[in-house]
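Since we're looking at a predicted model, the values are computed, not measured. Nothing fancy with the numbering, it's 1 onward along the sequence. Just so it is clear, the values below take in all heavy atoms, side chains as well, and ignore hydrogens, waters and symmetry mates.
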Amino acid sequence: IWHNNVKIISSKQLKRHLHIVDAEDTSGRIIVASPYSIKGASKEVNEDSTGILSIKYCGDTVTLFHVFAIADGVSSLHGGEYASSFSVRSFILGTLPLINAVNTNIKNYLRELIMEIHAELQDYAVKNNVNVGTTFTGGVITQSGNIAAATIVHIGDSRAYKIVDNTVNRITSDHSLGGHVITQALGYVINNIDVYETMIGRNTYLILTTDGITDVVPDDMIGRIVHEYKYPRYISWTLVNSAEKLGTRDDETVLTIWRN
């Protein structure tokens, strides 16, 4: 798992959530993910965080299980780095019980998990006499056989895109007044948690970005880069490098997920 290149969960923590099943051919059903994050030119530290966890053959009902998240700490609240890191780590750990869950409403589960993380960040803020906040966009992909579905939760102005056949669809809506003024942030104030569900078919991309990318890289350019570079690692790198060339000063983070 990534969080700015730091492992955030151990194999021992994972084992209690897994059970061994017979392996099977996943040809044509593999999901590949690649995160990339760098510090913005105007920042002292990178306040963005991103994480991805993918598990194969993880239970009787789910063949593949993927957890993904991206967060952009709010600089003006002075605890952005902690808030983004904590939210990504807590979200990934918090979704592990879903691996072998049966008849669980994933939308409700993720909403409740986000509210728990929100409360923990607020407790941290009170104890340390600071204000903390972060945008957050993340979710899970459950895959059984040829069917894969994503459930995504969203707060703030980080974004999730779905790209199929060169068509770019923005999944999330910004909680923002423009000019980096967001109307809600995890750990600070939440008015509403947006939840989205979408099917992940063959040759589908999910692109998660912070506003260090989308402030300068338009949606159609994101689509062109995906079409040209195809593989997640190159897409993430190219989006970040393009944002730098276009003059972004903010932290830049991309998480590219591809079902081939």
Side-chain angles (χ1 to χ4, degrees), residues 1-3 31-35 37 48-55 62 64-72 84 87-99 101 104-118 134-144 147-164 167-176 182-187 190-201 203-211 213-214 219 222-223 226 232 235-236 239 253-259:
I1 298 175
W2 285 55
H3 160 57
I31 291 177
V32 181
S34 181
S37 181
D48 287 358
S49 298
T50 185
I52 179 73
L53 168 66
S54 297
I55 304 173
V62 176
L64 301 174
F65 182 83
H66 312 268
V67 189
F68 54 91
I70 197 167
D72 178 0
S84 70
S87 64
V88 168
R89 181 174 62 250
S90 299
F91 183 78
I92 291 175
L93 290 172
T95 58
L96 293 181
L98 287 173
I99 292 174
T104 299
N105 186 310
I106 296 178
K107 291 173 66 175
N108 290 343
Y109 184 96
L110 295 184
R111 275 198 189 97
E112 292 173 3
L113 176 58
I114 288 297
M115 290 307 300
E116 290 174 8
I117 296 170
H118 179 64
T134 183
T135 72
F136 186 88
T137 303
V140 299
I141 299 173
T142 54
Q143 188 171 350
S144 182
I147 299 174
T151 305
I152 298 169
V153 289
H154 169 72
I155 296 169
D157 64 356
S158 296
R159 293 181 182 173
Y161 295 88
K162 179 179 177 179
I163 301 176
V164 185
T167 299
V168 180
N169 294 296
R170 190 189 303 177
I171 297 173
T172 55
S173 297
D174 293 348
H175 302 146
S176 171
I182 57 175
T183 57
Q184 56 178 354
L186 188 60
I190 291 181
N191 301 312
N192 181 59
I193 302 169
D194 292 344
V195 184
Y196 305 90
E197 293 179 307
T198 186
M199 301 304 295
I200 308 298
N203 203 32
T204 295
Y205 293 86
L206 285 180
I207 309 289
L208 276 67
T209 71
T210 56
D211 63 356
I213 302 294
T214 54
D219 292 1
I222 292 174
V226 168
I235 292 169
S236 293
L239 283 169
T253 302
V254 178
L255 174 57
T256 301
I257 302 169
W258 173 47
R259 183 182 181 191

**Q** Please identify each residue that fulfils ring pair (Phe, Tyr, Trp, His ring centres under 6.0 Å) with His175, with sequence neighbours left out.
**A**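 Here the qualifying residues are His154.
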**Q** Can you check whether Phe91 reaches Val153 side chain to side chain, under 4.5 Å on heavy atoms?
**A**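 Answer yes - side chains close enough.
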**Q** Counting only pairs under 3.5 Å, give me each side-chain donor-acceptor contact of residues 156-163, with atom names and distances, residues two or more places apart or in other chains.
**A**
residue, atom, partner, partner atom, Å
Ser158, OG, Thr135, OG1, 2.7
Arg159, NE, Asp174, OD1, 3.1
Arg159, NE, Asp174, OD2, 3.3
Arg159, NH1, Tyr161, OH, 3.0
Arg159, NH2, Asp174, OD2, 2.8
Tyr161, OH, Asp219, OD1, 2.7
Lys162, NZ, Thr198, OG1, 2.7
Lys162, NZ, Met199, O, 2.7

**Q** Indicate the atoms forming the closest heavy-atom contact of Ile222 with Leu239, along with that distance.
**A** CG1-CD2, 3.9 Å
**Q** Going by atom types only, do Thr210 and Asp48 share a side-chain donor-acceptor pair under 3.5 Å?
**A** yes
**Q** Mind checking what makes side-chain contact (heavy atoms from CB on, under 4.5 Å) contact with Ser173, not counting sequence neighbours?
**A**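 Per chain and number, Ser173 pairs via side-chain contact (heavy atoms from CB on, under 4.5 Å) with Tyr196.
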**Q** If we only count heavy atoms from C-beta on, is the Val67 to Ile55 side-chain gap below 4.5 Å?
**A** no
**Q** Going by atom types only, do Ser49 and Ser84 share a side-chain donor-acceptor pair under 3.5 Å?
**A** yes
**Q** To the nearest 0.5 angstrom, please state how far the CG atom of Leu255 sits from the OG1 atom of Thr50.
**A**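 Between Leu255 CG and Thr50 OG1, I get 4.0 Å after rounding to 0.5 Å.
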**Q** How long is the gap from CG on Leu186 to OG1 on Thr137, to the nearest 0.5 Å?
**A**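 Reported value, rounded in 0.5 Å steps: 10.5 Å.
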**Q** Report the distance from atom CG of Leu98 to atom CG of Leu113, rounding to the nearest 0.5 Å.
**A**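 One finds 8.5 Å between CG of Leu98 and CG of Leu113.
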**Q** State the CG-OG1 distance between Asp211 and Thr253, to the nearest 0.5 angstrom.
**A** 10.0 Å
**Q** Check whether any side-chain heavy atom of Ile193 sits under 4.5 Å from a side-chain heavy atom of Met115, and report yes or no.
**A**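 Yes, their side chains come closer than 4.5 Å.
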**Q** Looking at Ile52, Ile207, Leu208, Leu206, which one forms a side-chain contact (heavy atoms from CB on, under 4.5 Å) with Thr256?
**A** Ile207
**Q** Look only at the side chain of Ser236 and the backbone of Ser34, and say whether a donor-acceptor pair between them is shorter than 3.5 Å.
**A**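 Judged by distance alone, yes, a pair lies under 3.5 Å.
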**Q** Would Val195 and Leu110 count as a side chain to side chain contact (heavy atoms under 4.5 Å, CB included) if you check the C-alpha gap in whole Å, the side-chain angles of each, and the deciding distance to 0.1 Å?
**A** CA-CA 9 Å; Val195 184; Leu110 295 184; 5.9 Å; no
**Q** From Ile257 CD1 over to Ile141 CD1, what is the distance, rounded to the nearest 0.5 angstrom?
**A**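 Rounded to the nearest 0.5 Å, the CD1-CD1 separation comes to 5.0 Å.
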**Q** Once ring pair (Phe, Tyr, Trp, His ring centres under 6.0 Å) is applied, do any residues pair with Tyr205, and if so which ones, sequence neighbours excluded?
**A**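 Trp258.
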**Q** Using the test side-chain contact (heavy atoms from CB on, under 4.5 Å), find all partners of Glu112 that sit at least two apart in sequence or belong to another chain.
**A**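 By the side-chain contact (heavy atoms from CB on, under 4.5 Å) rule, Glu112 matches no residue at all.
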**Q** Check salt bridge (charged side-chain N to carboxylate O under 4.0 Å, His left out) between Asp194 and all other residues, then give those that pass, not counting sequence neighbours.
**A**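 Checked Asp194 against salt bridge (charged side-chain N to carboxylate O under 4.0 Å, His left out); zero matches.
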**Q** Residues in side-chain hydrogen bond (donor to acceptor under 3.5 Å, both in side chains) with Ser87, at least two apart?
**A** none
**Q** Is the backbone of Lys107 close enough, under 3.5 Å, to the side chain of Asn105 for a donor and an acceptor to pair up by distance?
**A**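 Yes; at least one donor-acceptor contact below 3.5 Å.
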**Q** Among all residues two or more places apart in sequence or in another chain, which pass the side-chain hydrogen bond (donor to acceptor under 3.5 Å, both in side chains) test with Thr209?
**A**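 By the side-chain hydrogen bond (donor to acceptor under 3.5 Å, both in side chains) rule, Thr209 matches no residue at all.
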**Q** Looking only at atom types and distance, does a side-chain atom of Gln184 sit under 3.5 Å from a main-chain N or O of Asn192, one as donor and one as acceptor?
**A**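 Yes, because the side chain of Gln184 sits within donor-acceptor range (under 3.5 Å) of the backbone of Asn192.
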